[in-house]
Amino acid sequence: MLDIEDLVTAYGPVRALDGLSLWTQYASITAVLGPNGAGKTTLLRTVSGLARPASGRVRFDEADITGWSPDRIVRAGLAHVPENGGVITELTVAENLRLGGLWRRDRAGVSASQGQVLDLFPPLAARLKAQASTLSGGERQMLAIGRALMSKPRMLLLDEPSLGLAPGVTLQIMRVLEELRDWDDLTVLLVEQNARSALSIADRGYVLSLGRVVAAEEAEGLLADDRLRHAYLGM
Ligand code: ATP
(Lines give C-alpha, C1' and ligand atoms only; values in the text may rest on other atoms or scores of the structure.)
Protein backbone atom coordinates (compact mmCIF):
# COMPACT_ATOMS: atom_id res chain seq x y z
CA MET A 1 0.00 0.00 0.00
CA LEU A 2 2.67 2.47 1.14
CA ASP A 3 6.21 1.74 0.07
CA ILE A 4 9.00 4.02 1.22
CA GLU A 5 12.49 3.61 -0.08
CA ASP A 6 15.68 5.11 1.25
CA LEU A 7 14.09 8.39 2.35
CA VAL A 8 16.30 11.27 3.47
CA THR A 9 14.71 14.42 4.93
CA ALA A 10 16.94 17.04 6.50
CA TYR A 11 16.50 20.26 8.45
CA GLY A 12 19.70 22.07 7.58
CA PRO A 13 22.51 19.80 8.72
CA VAL A 14 20.18 17.51 10.75
CA ARG A 15 19.15 14.38 8.86
CA ALA A 16 15.82 13.68 10.57
CA LEU A 17 15.30 10.74 8.17
CA ASP A 18 18.56 9.12 7.21
CA GLY A 19 17.83 6.55 4.52
CA LEU A 20 14.61 5.15 5.89
CA SER A 21 12.71 2.33 4.15
CA LEU A 22 9.33 1.02 5.24
CA TRP A 23 6.25 -0.65 3.78
CA THR A 24 2.70 -1.27 4.91
CA GLN A 25 0.22 -3.89 3.88
CA TYR A 26 -3.31 -3.10 2.67
CA ALA A 27 -5.93 -3.05 5.47
CA SER A 28 -3.38 -3.38 8.25
CA ILE A 29 -2.16 -1.24 11.14
CA THR A 30 1.57 -0.51 11.19
CA ALA A 31 3.02 1.07 14.33
CA VAL A 32 6.01 3.42 14.13
CA LEU A 33 7.76 3.61 17.48
CA GLY A 34 10.91 5.11 18.89
CA PRO A 35 12.26 7.73 21.28
CA ASN A 36 11.97 11.52 20.97
CA GLY A 37 13.77 12.83 17.93
CA ALA A 38 13.79 9.46 16.15
CA GLY A 39 12.16 11.04 13.09
CA LYS A 40 8.58 9.77 13.49
CA THR A 41 6.88 13.12 12.93
CA THR A 42 9.21 13.93 10.05
CA LEU A 43 8.31 10.60 8.44
CA LEU A 44 4.59 11.44 8.46
CA ARG A 45 5.22 15.01 7.29
CA THR A 46 7.32 13.76 4.40
CA VAL A 47 4.75 11.15 3.33
CA SER A 48 1.91 13.69 3.43
CA GLY A 49 3.85 16.29 1.43
CA LEU A 50 4.42 18.79 4.26
CA ALA A 51 8.17 18.20 4.24
CA ARG A 52 10.28 17.69 1.13
CA PRO A 53 12.71 14.81 1.05
CA ALA A 54 16.24 15.40 -0.20
CA SER A 55 16.21 11.94 -1.75
CA GLY A 56 14.34 8.65 -1.75
CA ARG A 57 10.91 7.55 -2.94
CA VAL A 58 7.39 7.37 -1.51
CA ARG A 59 4.97 5.14 -3.41
CA PHE A 60 1.29 4.90 -2.55
CA ASP A 61 -0.73 2.24 -4.35
CA GLU A 62 1.88 2.05 -7.12
CA ALA A 63 1.86 5.87 -7.71
CA ASP A 64 5.11 7.69 -7.02
CA ILE A 65 3.86 10.54 -4.80
CA THR A 66 7.29 11.89 -3.83
CA GLY A 67 7.19 15.69 -3.95
CA TRP A 68 3.43 15.89 -4.55
CA SER A 69 1.58 18.78 -2.82
CA PRO A 70 -0.30 17.96 0.41
CA ASP A 71 -3.72 18.54 -1.17
CA ARG A 72 -2.94 16.27 -4.11
CA ILE A 73 -1.86 13.58 -1.65
CA VAL A 74 -5.14 13.88 0.29
CA ARG A 75 -7.06 13.56 -2.98
CA ALA A 76 -5.07 10.43 -3.75
CA GLY A 77 -6.51 8.90 -0.57
CA LEU A 78 -3.89 9.54 2.10
CA ALA A 79 -5.03 11.60 5.11
CA HIS A 80 -2.74 12.89 7.89
CA VAL A 81 -3.79 13.58 11.48
CA PRO A 82 -0.98 15.73 12.91
CA GLU A 83 0.29 15.71 16.48
CA ASN A 84 -2.31 17.35 18.76
CA GLY A 85 -4.89 16.99 15.99
CA GLY A 86 -4.72 20.39 14.37
CA VAL A 87 -8.40 21.01 15.08
CA ILE A 88 -9.46 24.64 14.45
CA THR A 89 -10.70 25.69 17.85
CA GLU A 90 -12.57 28.81 16.64
CA LEU A 91 -14.86 26.67 14.48
CA THR A 92 -17.63 24.32 15.55
CA VAL A 93 -17.36 20.53 15.47
CA ALA A 94 -19.56 20.41 12.34
CA GLU A 95 -17.46 23.07 10.59
CA ASN A 96 -14.25 21.23 11.37
CA LEU A 97 -15.72 18.05 9.93
CA ARG A 98 -16.89 19.87 6.81
CA LEU A 99 -13.33 21.11 6.21
CA GLY A 100 -12.13 17.53 5.89
CA GLY A 101 -14.45 16.88 2.95
CA LEU A 102 -14.36 20.33 1.39
CA TRP A 103 -12.94 19.27 -1.96
CA ARG A 104 -15.34 16.34 -2.43
CA ARG A 105 -18.06 16.81 -5.04
CA ASP A 106 -20.25 13.85 -4.03
CA ARG A 107 -22.60 15.46 -1.52
CA ALA A 108 -24.33 12.21 -0.66
CA GLY A 109 -20.93 10.64 -0.01
CA VAL A 110 -19.88 13.51 2.25
CA SER A 111 -23.02 13.20 4.29
CA ALA A 112 -22.55 9.41 4.51
CA SER A 113 -18.99 9.98 5.75
CA GLN A 114 -20.24 12.36 8.42
CA GLY A 115 -22.80 9.77 9.50
CA GLN A 116 -20.05 7.18 9.81
CA VAL A 117 -17.82 9.54 11.82
CA LEU A 118 -20.64 10.29 14.26
CA ASP A 119 -21.37 6.57 14.64
CA LEU A 120 -17.71 5.90 15.38
CA PHE A 121 -17.42 8.80 17.83
CA PRO A 122 -20.78 9.29 19.61
CA PRO A 123 -19.46 12.15 21.82
CA LEU A 124 -19.10 14.26 18.65
CA ALA A 125 -22.71 13.67 17.63
CA ALA A 126 -23.87 15.35 20.83
CA ARG A 127 -21.54 18.33 20.28
CA LEU A 128 -21.94 19.14 16.58
CA LYS A 129 -22.76 22.81 17.15
CA ALA A 130 -20.27 23.32 19.97
CA GLN A 131 -17.13 25.34 19.37
CA ALA A 132 -14.17 22.97 19.16
CA SER A 133 -12.39 24.95 21.92
CA THR A 134 -14.94 23.57 24.41
CA LEU A 135 -14.08 19.91 23.68
CA SER A 136 -12.04 17.70 26.01
CA GLY A 137 -8.65 16.43 24.82
CA GLY A 138 -10.16 13.07 23.86
CA GLU A 139 -13.01 14.67 21.94
CA ARG A 140 -10.55 16.87 20.07
CA GLN A 141 -8.56 13.83 19.00
CA MET A 142 -11.80 12.16 17.88
CA LEU A 143 -12.64 15.28 15.88
CA ALA A 144 -9.18 15.33 14.30
CA ILE A 145 -9.54 11.70 13.21
CA GLY A 146 -13.14 12.32 12.14
CA ARG A 147 -12.09 15.28 10.01
CA ALA A 148 -9.46 13.13 8.29
CA LEU A 149 -12.07 10.42 7.64
CA MET A 150 -14.29 13.01 5.93
CA SER A 151 -11.87 12.93 2.98
CA LYS A 152 -12.74 9.21 2.58
CA PRO A 153 -9.11 8.13 2.76
CA ARG A 154 -7.81 4.68 1.94
CA MET A 155 -4.94 5.26 4.33
CA LEU A 156 -4.61 7.24 7.56
CA LEU A 157 -1.37 8.63 9.00
CA LEU A 158 -1.71 9.31 12.73
CA ASP A 159 0.80 11.23 14.84
CA GLU A 160 0.59 10.27 18.52
CA PRO A 161 -3.20 10.14 18.89
CA SER A 162 -2.85 9.06 22.54
CA LEU A 163 -0.75 12.08 23.57
CA GLY A 164 -2.07 13.53 26.83
CA LEU A 165 -5.15 11.30 26.91
CA ALA A 166 -6.41 9.15 29.76
CA PRO A 167 -5.95 5.38 29.23
CA GLY A 168 -9.70 4.81 28.79
CA VAL A 169 -9.96 7.37 25.99
CA THR A 170 -6.82 6.02 24.33
CA LEU A 171 -8.36 2.55 24.36
CA GLN A 172 -11.55 3.91 22.78
CA ILE A 173 -9.55 5.49 19.95
CA MET A 174 -7.48 2.35 19.39
CA ARG A 175 -10.69 0.30 19.15
CA VAL A 176 -12.02 2.66 16.46
CA LEU A 177 -8.81 2.23 14.45
CA GLU A 178 -9.19 -1.54 14.66
CA GLU A 179 -12.79 -1.25 13.56
CA LEU A 180 -11.81 0.88 10.54
CA ARG A 181 -9.19 -1.67 9.55
CA ASP A 182 -11.45 -4.67 9.99
CA TRP A 183 -14.68 -3.28 8.50
CA ASP A 184 -13.53 -0.60 6.05
CA ASP A 185 -10.19 -2.06 4.97
CA LEU A 186 -8.49 1.15 6.05
CA THR A 187 -4.68 1.04 6.14
CA VAL A 188 -3.16 2.84 9.13
CA LEU A 189 0.33 4.10 9.89
CA LEU A 190 0.33 4.84 13.60
CA VAL A 191 3.12 6.87 15.20
CA GLU A 192 3.17 6.43 18.98
CA GLN A 193 5.34 7.04 22.03
CA ASN A 194 2.92 4.75 23.81
CA ALA A 195 4.35 1.51 22.43
CA ARG A 196 2.13 -0.74 24.50
CA SER A 197 -1.18 0.64 23.24
CA ALA A 198 0.05 0.89 19.64
CA LEU A 199 1.34 -2.70 19.61
CA SER A 200 -1.90 -3.94 21.18
CA ILE A 201 -3.68 -3.23 17.87
CA ALA A 202 -0.86 -3.18 15.31
CA ASP A 203 -0.14 -6.00 12.89
CA ARG A 204 3.47 -4.96 12.37
CA GLY A 205 5.75 -2.37 13.87
CA TYR A 206 8.87 -0.41 13.06
CA VAL A 207 11.25 0.99 15.63
CA LEU A 208 13.16 4.09 14.58
CA SER A 209 16.22 5.69 16.06
CA LEU A 210 18.05 8.72 14.64
CA GLY A 211 16.13 8.60 11.38
CA ARG A 212 16.79 4.93 10.66
CA VAL A 213 14.88 1.69 11.12
CA VAL A 214 16.43 -0.38 13.91
CA ALA A 215 13.77 -3.10 13.98
CA ALA A 216 10.83 -4.15 11.83
CA GLU A 217 8.64 -7.14 12.57
CA GLU A 218 5.26 -8.40 13.66
CA ALA A 219 3.83 -6.70 16.73
CA GLU A 220 4.15 -9.80 18.93
CA GLY A 221 7.80 -10.13 18.01
CA LEU A 222 8.55 -6.56 19.04
CA LEU A 223 6.72 -7.01 22.32
CA ALA A 224 8.69 -10.18 23.06
CA ASP A 225 12.09 -8.58 22.37
CA ASP A 226 13.46 -7.50 25.77
CA ARG A 227 16.45 -5.71 24.32
CA LEU A 228 14.28 -3.53 22.05
CA ARG A 229 11.74 -2.86 24.75
CA HIS A 230 14.38 -1.59 27.12
CA ALA A 231 16.61 0.23 24.64
CA TYR A 232 14.02 2.02 22.51
CA LEU A 233 10.50 1.61 23.80
CA GLY A 234 10.86 2.58 27.45
CA MET A 235 8.93 -0.52 28.53
P1 ATP B 1 9.02 13.58 18.91
O2 ATP B 1 8.34 12.40 19.47
O3 ATP B 1 9.80 14.36 19.89
O4 ATP B 1 8.12 14.45 18.03
P5 ATP B 1 10.03 12.39 16.51
O6 ATP B 1 10.46 10.99 16.51
O7 ATP B 1 8.71 12.70 15.93
O8 ATP B 1 10.15 12.98 17.95
P9 ATP B 1 11.03 14.42 14.74
O10 ATP B 1 10.14 15.46 15.33
O11 ATP B 1 10.71 13.93 13.38
O12 ATP B 1 11.15 13.18 15.72
O13 ATP B 1 12.51 14.99 14.77
C14 ATP B 1 13.64 14.32 14.21
C15 ATP B 1 14.87 15.20 14.28
O16 ATP B 1 14.69 16.35 13.47
C17 ATP B 1 15.18 15.72 15.68
O18 ATP B 1 16.57 15.77 15.82
C19 ATP B 1 14.61 17.12 15.67
O20 ATP B 1 15.30 17.96 16.54
C21 ATP B 1 14.82 17.54 14.23
N22 ATP B 1 13.77 18.48 13.76
C23 ATP B 1 12.45 18.23 13.69
N24 ATP B 1 11.77 19.28 13.19
C25 ATP B 1 12.70 20.25 12.95
C26 ATP B 1 12.65 21.59 12.43
N27 ATP B 1 11.49 22.14 12.06
N28 ATP B 1 13.81 22.27 12.35
C29 ATP B 1 14.98 21.70 12.72
N30 ATP B 1 15.10 20.45 13.20
C31 ATP B 1 14.00 19.73 13.32
Side-chain angles (χ1 to χ4, degrees), residues 2-24 29-58 60 65-70 73-74 78-87 137-138 140-141 144-145 148 155-167 169-170 173-174 177 187-202 204-217 219 222-223 225 227-235:
L2 186 71
D3 190 0
I4 294 172
E5 201 185 317
D6 219 4
L7 207 55
V8 174
T9 303
Y11 302 102
V14 180
R15 279 183 165 219
L17 301 182
D18 192 13
L20 185 142
S21 299
L22 167 160
W23 55 269
T24 68
I29 298 176
T30 304
V32 177
L33 311 168
N36 281 329
K40 306 181 297 297
T41 294
T42 304
L43 170 64
L44 296 196
R45 289 177 54 81
T46 308
V47 172
S48 66
L50 295 170
R52 253 180 194 278
S55 60
R57 284 275 158 267
V58 182
F60 176 58
I65 64 166
T66 324
W68 284 19
S69 66
I73 290 175
V74 174
L78 199 53
H80 180 192
V81 182
E83 200 168 326
N84 292 315
V87 156
R140 274 191 209 197
Q141 190 55 244
I145 297 172
M155 179 162 184
L156 209 52
L157 309 170
L158 292 158
D159 201 346
E160 307 230 13
S162 79
L163 197 71
L165 302 186
V169 184
T170 298
I173 287 174
M174 296 295 156
L177 297 179
T187 307
V188 176
L189 190 64
L190 174 63
V191 160
E192 267 296 344
Q193 287 269 347
N194 186 341
R196 200 179 294 280
S197 60
L199 290 175
S200 73
I201 60 162
R204 292 180 70 245
Y206 284 81
V207 181
L208 310 190
S209 173
L210 299 174
R212 292 166 175 268
V213 172
V214 293
E217 59 176 301
L222 290 177
L223 276 169
D225 188 327
R227 186 189 64 88
L228 272 179
R229 294 192 327 165
H230 291 133
Y232 299 107
L233 304 180
M235 292 165 81

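First listed ligand is number 1; within each ligand, the first listed atom is number 1. What you see is a predicted model, and the numbers here were worked out from it, not measured in a lab.
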Residue pair S197 / T170, side-chain donor-acceptor N/O under 3.5 Å: no
Find out whether [X] and [Y] are in side-chain contact, i.e. whether some heavy atom of one side chain is under 4.5 Å from a heavy atom of the other.
| X | Y | result |
| --- | --- | --- |
| L43 | I4 | yes |
| E192 | K40 | no |
| T24 | M155 | yes |

Show the atoms of ligand 1 that are less than 4.0 angstrom away from any heavy atom in [X].
| X | value |
| --- | --- |
| T41 | 4 (O), 5 (P), 7 (O), 10 (O), 11 (O) |
| A38 | 5 (P), 6 (O), 12 (O) |
| P35 | 6 (O) |
| E160 | 2 (O) |
| T42 | 9 (P), 11 (O), 13 (O) |
| Q193 | 2 (O) |

Polar proximity ligand 1 side, A16 side, N/O cut 3.5 Å exclusive: no
N/O separation below 3.5 Å, V14 to ligand 1: no
Side-chain (T66) to main-chain (V58) donor-acceptor, under 3.5 angstrom: yes
Short side-chain to backbone donor-acceptor contact, S48 and P70, under 3.5 Å: no
side-chain contact (heavy atoms from CB on, under 4.5 Å) evaluation trace for T42 with Y11: CA-CA 10 Å; T42 304; Y11 302 102; 3.0 Å; yes
Can you pull out the closest protein heavy atom to [atom]? Residue, atom name and distance to 0.1 Å, please.
| atom | result |
| --- | --- |
| atom 3 (O) of ligand 1 | N36 OD1, 3.1 Å |
| atom 23 (C) of ligand 1 | Y11 CE1, 3.3 Å |
| atom 8 (O) of ligand 1 | G37 N, 2.8 Å |

Residue R196 excluded, over 12 heavy atoms near CZ under 6.0 Å: no
Side chain to side chain contact (heavy atoms under 4.5 Å, CB included) partner of L190, the single match among L177, V32, L33: L177
Min heavy-atom dist G39 to ligand 1 below 4.0 Å: yes
Under-4.0 Å protein heavy-atom contact, atom 19 (C) of ligand 1: no
